[in-house]
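Okay, structure first, notes after.
Quick note: residue numbers are just sequence positions, from 1.
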Amino acid sequence: MYNELPADEQHDFEEALLHDPALASACADLLLAQRTLDRLARVPRPATTAAILQYSRTFMR
């Protein structure tokens, strides 16, 4: 969202973050949550992949 704002609105947003610690904290929390969700969506845990592969082997018998 930030990258899609015009430059002057990006500046206004940055100013708001500097003057409102609660807003800055909430934005930081959202960014961390988004990073976590992006990682989970892209990279399954190795145990998950192993379980799927093990399960798929039961169909070959």
Side-chain angles (χ1 to χ4, degrees):
M1 179 191 105
Y2 174 81
N3 292 336
E4 295 172 9
L5 293 173
D8 57 335
E9 290 183 27
Q10 286 181 358
H11 179 73
D12 292 344
F13 183 72
E14 292 167 0
E15 286 292 319
L17 291 175
L18 288 173
H19 297 297
D20 188 342
L23 177 62
S25 177
C27 287
D29 290 344
L30 287 172
L31 288 171
L32 288 173
Q34 185 64 55
R35 185 182 309 166
T36 301
L37 289 172
D38 287 345
R39 184 179 178 283
L40 290 173
R42 293 186 191 141
V43 182
R45 293 180 320 153
T48 302
T49 303
I52 292 169
L53 291 173
Q54 182 62 35
Y55 179 71
S56 72
R57 290 183 190 108
T58 64
F59 295 113
M60 295 181 195
R61 292 183 184 177

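- Counting only residues at least two apart or on different chains, the side-chain hydrogen bond (donor to acceptor under 3.5 Å, both in side chains) pairs with a member in residues 30-41 are Gln34-Asp38.
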Using atom types as modelled, flag every donor-acceptor pair under 3.5 Å from a side chain in residues 3-13 to any protein atom, sequence neighbours excluded.
| unit_1 | atom_1 | unit_2 | atom_2 | d |
| --- | --- | --- | --- | --- |
| Gln10 | NE2 | Tyr2 | O | 3.0 |
| Gln10 | NE2 | Leu5 | O | 3.3 |

Determine all donor-acceptor pairs shorter than 3.5 Å in which one atom belongs to a side chain in residues 15-29; sequence neighbours excluded.
| unit_1 | atom_1 | unit_2 | atom_2 | d |
| --- | --- | --- | --- | --- |
| Glu15 | OE1 | His19 | NE2 | 3.3 |
| Asp20 | OD1 | Ala22 | N | 3.2 |
| Asp20 | OD1 | Leu23 | N | 3.1 |

